[in-house]
Each structure stands twice: as C-alpha cells, then as structure tokens.
J.: 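Submitted below is the structure of interest, expressed as structure tokens.
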Amino acid sequence: MFKSKLIPSSYAIKGESLIEFQPVIAEAKEKTDWVFFSSKNAVHHYFSNGNTITGQKVACTGPGTAKIIAKYHHAVDFIGTSPNPQLVGKEFAQLL
C-alpha cells in the first residue's frame with residue numbers, strides 16, 4: 001500500500017536491510033536442563049560456533065525456529081504456538 005502511493009508520485013524506492021546480525025560468543029557456566037532458542041539466527045549462531053546439545057531439552061519460540069533446529073539437532077521438546085513472545089513465555093512456564 002505504501003509503495004503504491006509513492007510510485008505514481010515519481011519517488012524512487014530502494015529496499016535495503018538496516019539490520020546486521022552478529023553472533024555473541026557465550027559459554028554456559030553451569031549445567032542447564034533446557035536450551036531455549038528465540039530465533040532462527042540464534043540457532044545458526046549457536047551451532048556455527050561448534051556448540052552441541054547433549055543431555056538438555058530444547059525449546060524454541062515457534063515452528064520456523066524448530067525447523068532450523070531440526071537441521072542441527074534431533075528433537076525439539078517445546079515449540080511456542082504464538083507470535084507473541086510473552087505468550088510463548090507463559091506456555092513455556094506452564095510446561096516447566
């Protein structure tokens with residue numbers, strides 16, 4: 001809708017991402033029961049750093065993230081069902 005208003009007025013439109021993703025290297029200091037991924041990028045960054053998941057359960061925000069996890073890991077124990085992160089947090093808290 002926005003684009004259709006600009007084109008007839010002779011405005012040039014240039015699409016460009018203004019977001020740059022960079023991994024944050026972090027090491028778990030304690031043994032955890034769960035590893036929770038909040039995005040597809042988080043999954044890629046975690047596993048591309050050579051991290052593995054052994055003995056922990058895996059959780060994520062939604063089906064898109066779960067699909068990426070499946071490429072690296074054998075199972076996802078919790079998949080959020082809402083696009084709202086607060087509701088996903090409540091779902092996860094109920095599981096715990």
Side-chain angles (χ1 to χ4, degrees):
M1 183 169 134
F2 184 70
K3 181 179 176 181
S4 65
K5 301 286 185 202
L6 293 176
I7 291 176
S9 301
S10 300
Y11 289 98
I13 298 173
K14 180 180 178 183
E16 179 179 335
S17 176
L18 301 176
I19 299 172
E20 182 180 336
F21 294 99
Q22 295 180 346
V24 174
I25 308 301
E27 293 181 33
K29 301 212 184 271
E30 299 176 16
K31 176 77 170 138
T32 61
D33 296 327
W34 287 86
V35 177
F36 193 104
F37 293 100
S38 60
S39 71
K40 297 173 191 177
N41 284 323
V43 175
H44 288 302
H45 290 311
Y46 183 85
F47 289 106
S48 68
N49 286 324
N51 294 312
T52 59
I53 296 176
T54 53
Q56 295 102 339
K57 292 184 178 182
V58 177
C60 66
T61 53
T65 304
K67 187 175 180 179
I68 302 302
I69 292 169
K71 292 181 178 181
Y72 295 99
H73 186 69
H74 66 281
V76 179
D77 301 289
F78 169 83
I79 302 170
T81 61
S82 172
N84 182 327
Q86 291 176 329
L87 294 178
V88 172
K90 288 180 181 180
E91 291 175 348
F92 188 59
Q94 288 177 346
L95 173 67
L96 297 179

J.: Please tell me if the side chains of F37 and T61 come closer than 4.5 Å, counting only heavy atoms from C-beta onward.
T.: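 F37 vs T61: side chains apart.
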J.: State, to 0.1 Å, how close G80 and P63 come at their nearest heavy-atom pair, and which atoms those are.
T.: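 For G80 versus P63, the nearest heavy atoms are O-CD, 3.9 Å.
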J.: If the condition is side chain to side chain donor-acceptor pair (under 3.5 Å), which residues does E91 pass it with, not counting sequence neighbours?
T.: T81
J.: Please report the closest heavy-atom contact between Y46 and T52, naming both atoms and the distance.
T.: OH-O, 3.2 Å
J.: Taking N51 for the side chain and F47 for the main chain, is one N or O donor matched with an acceptor at less than 3.5 Å?
T.: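 No.
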J.: Pick from D77, D33, V76: which one makes a side chain to side chain contact (heavy atoms under 4.5 Å, CB included) with K57?
T.: D77
J.: Might you point out which heavy atoms bring P85 and P83 nearest each other, and give the distance in Å?
T.: CD-O, 3.3 Å
J.: State, to 0.1 Å, how close C60 and T65 come at their nearest heavy-atom pair, and which atoms those are.
T.: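 Closest heavy-atom pair between C60 and T65: CB-CG2, 3.7 Å.
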J.: Same cluster or not: are V88 and I69 linked, directly or through other Ile, Leu, Val, Met, Phe, Trp or Tyr residues, by side-chain heavy atoms under 4.5 angstrom apart?
T.: no
J.: Are I68 and H44 side-chain neighbours, meaning at least one heavy-atom pair lies under 4.5 Å?
T.: yes
J.: Using the ring centroid of each side chain, check whether F92 and W34 are separated by less than 6.0 Å.
T.: yes
J.: Do Q56 and K31 make a side-chain contact, defined as non-hydrogen atoms from C-beta onward lying under 4.5 Å apart?
T.: yes
J.: Would you call F36 and V58 a side-chain contact if the rule is heavy atoms closer than 4.5 Å?
T.: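 The answer is no, as the side chains (C-beta and beyond) never meet within the 4.5 Å cut-off.
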J.: Any chain of hydrophobic side-chain contacts (each under 4.5 Å) joining I53 to Y72?
T.: yes
